[in-house]
Amino acid sequence: MKKTLLLFLALSVSPLLSGQEEGDLLALLGEEETTDYATASFKTNRVVNGHSIENTAAGVLDFKISHRFSPMRNGLYDMFGLDGATIRFGLDYGITDRLMIGIGRSSKEKIIDGFAKYKILRQSTGKRNMPVSLSYLVDGQIKTVKFPDQERENLFSSRLYYTHQILLARKFSESLTLQLMPTLVHRNLVATKAEKNDVFAVGAAGRVKLSRRVTLNAEYYYVLPDQISPVYTNVLSIGFDIETGGHVFQLHFTNSADMTYKGFITETTEEWFFKGANGNAKSGIRFGFNISRVFTIVKPKGLY
Amino acid sequence: MLLCLPIINQTNTGTHMKNLILVTGLLLTLSQMASAQRYFTRDARVQFNSDTPVEKIEAINKSGTAVLDTETGRMEWKVLIKNFVFEKALMQEHFNENYMESTTYPNATFKGNIANVSKVNFAKGGSYAVTAKGKMTIHGVTKEIEVPGTIIVGDGTVKVHSDFKVACADYDISIPGVVREKIAQEIAVSVDATLDPMKRK
């Protein structure tokens, strides 16, 4: 009798319970756990000179026009350096959302470069939890400028440079992303025996979102000591990414005239602030920009 | 109803037990039949178009969830903003980053009723014109809306279709001056879903 009573009680309660469910029908389906990948950690696939953790999306071609001007120190005489420019034109293409390739040509030393970048880990939360994104970049550079000494035996291999880089990044919040870049630059030919063929450097970069369409970026590469000639220094760059629909304008200040890895890591000549030959305070700050324009070549499958 | 089970388990052994389970089972089945039939889907298609003379933008989401209670006419929808796919990857990024702010507002939802659900005979196949009324939440802003739609009762399924317009300004989605000519002020939304009966646990 007790049992029946309990049962009756339970049954009479149950409509009340299901009555509560009416308020939230979707809850009946249960929460389906999904993986939420961090996106747009940077506005584009470069921070300033070097790569960012971002990849060009699958089927998208990214045309890049980049300039680095002369140091700004001469003021109006050479329009704050705008009279002298080194130029790089580049094409990046996303084969998949994780694998991208690219080529470019720089006016400085007539360098042709080519790279492949693969995203190994993607920062995510939810079903799959991953605190960081990790990419591997391999980049080759060919210096095609004529050898200065035509008399000696010049080998083609002497023109080659290779770069291997790990990009480790975390988007801490909507506004802050930080990135670490351990880098190896291999130079087949170096000027003196004291200089190393393999140069190790560690880069650090970050971006702060100032508004929905503008970010502040910074990038620094520290070359480990006793590898390159003492006339060279580390590269520091600070810039803004301004995104306007189909373009990203990257406007920056840097102390390097190079846009290739071997150039800005191992051959940056002037510091941001330094003392000139006659003891005068000088500045090696240059203005520069990268403009990125994307074109969708292959549309995503199964869209409609 | 879930409450019954632990109570039964606590009972003493005996012949009562068998009868009890039988009765409970019977009651459960009966209550199931009597209760409102619910239909659901996890792959509702939500598509939208922004049409201007300068640019045509389209996006589709194929993983919307929806639940419909055919007795009360209550209906709820949820769409993950990040699952909208665009033809241009950059547009998709901007849609999430600059317009919908999908990290802060991950979903768009509709919670409401089919106003004239009594008109629809869910036991008989056919097409019925209906009106949905309720609260639409997009970009963290909730608005009362009323939209026309069609319900097609098929063999064990219920199809829902609706076309309506959403004004960006209503949901605090700001469009900056430089792209004003490329993005329509009113976005045409099209919703299609085939709902299956929900099995009750």
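Residue numbering restarts at 1 for every chain, and letters A, B, ... go by the order of the sequence lines.
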*Below 4.5 Å from any heavy atom of chain A, which atoms of B:Lys88 appear? Answer side chain, backbone, both or neither.*
both
_A:Asn49 versus A:Ser237, closest heavy-atom pair with distance_ = ND2-OG, 3.3 Å
*Check each atom of A:Tyr37 against the heavy atoms of chain B and say whether the ones under 4.5 Å are side chain, backbone, both or neither.*
backbone
*Could you pull out the closest heavy-atom pair between A:Arg105 and A:Asp113, with the gap in Å?*
N-OD2, 4.3 Å
_So that I can tick it off, tell me whether A:Lys64 and A:Asp62 are bridged by a salt bridge, with the cut-off set at under 4.0 angstrom between side-chain N and carboxylate O._
yes
*chain A contact via B:Gln92 - which portion, at a heavy-atom distance below 4.5 Å*: neither
*Side chain, backbone, both or neither: which part of A:Asp36 has an atom under 4.5 Å from a heavy atom of chain B?*
side chain
*asked:* To check you understand the geometry: which heavy-atom pair defines the closest contact between A:Phe42 and A:Thr177, and what is its length?
replied: CE1-CG2, 3.6 Å
*Are B:Arg42 and B:Phe40 in a cation-pi contact, defined as NZ or CZ under 6.0 Å from the six-membered ring centre and within 45° of the axis?*
no
*asked:* Is B:Met75 in contact with chain A via its backbone, its side chain, both, or neither, using a 4.5 Å heavy-atom distance?
replied: backbone
*Based on non-hydrogen pairs under 4.5 Å, which of A:Ala58, A:Ala57, A:Ala40 is most in contact with chain B?*
A:Ala40
*How about A:Phe115 and A:Tyr261: are their ring centroids closer than 6.0 Å?*
no
*asked:* Counting only non-hydrogen atoms closer than 4.5 Å, does B:Thr41 touch chain A with its backbone (N, CA, C, O), its side chain (CB onward), both, or neither?
replied: backbone
*Residue by residue, scan residues 208-218 of chain A and write down, ordered by number, those that have a heavy-atom distance under 4.5 Å to chain B; if none do, write 'none'.*
A:Lys209, A:Arg212, A:Arg213
*Nearest atoms (heavy-atom pairs only) where B:Phe110 meets B:Gly112*: CE2-N, 3.8 Å
*Do B:Asp172 and B:Lys143 meet the salt-bridge criterion of a basic N to acidic O distance under 4.0 Å?*
no
_Can a donor-acceptor pair be found, under 3.5 Å and without considering hydrogens, that links the side chain of B:Thr65 to the backbone of B:Lys78?_
yes
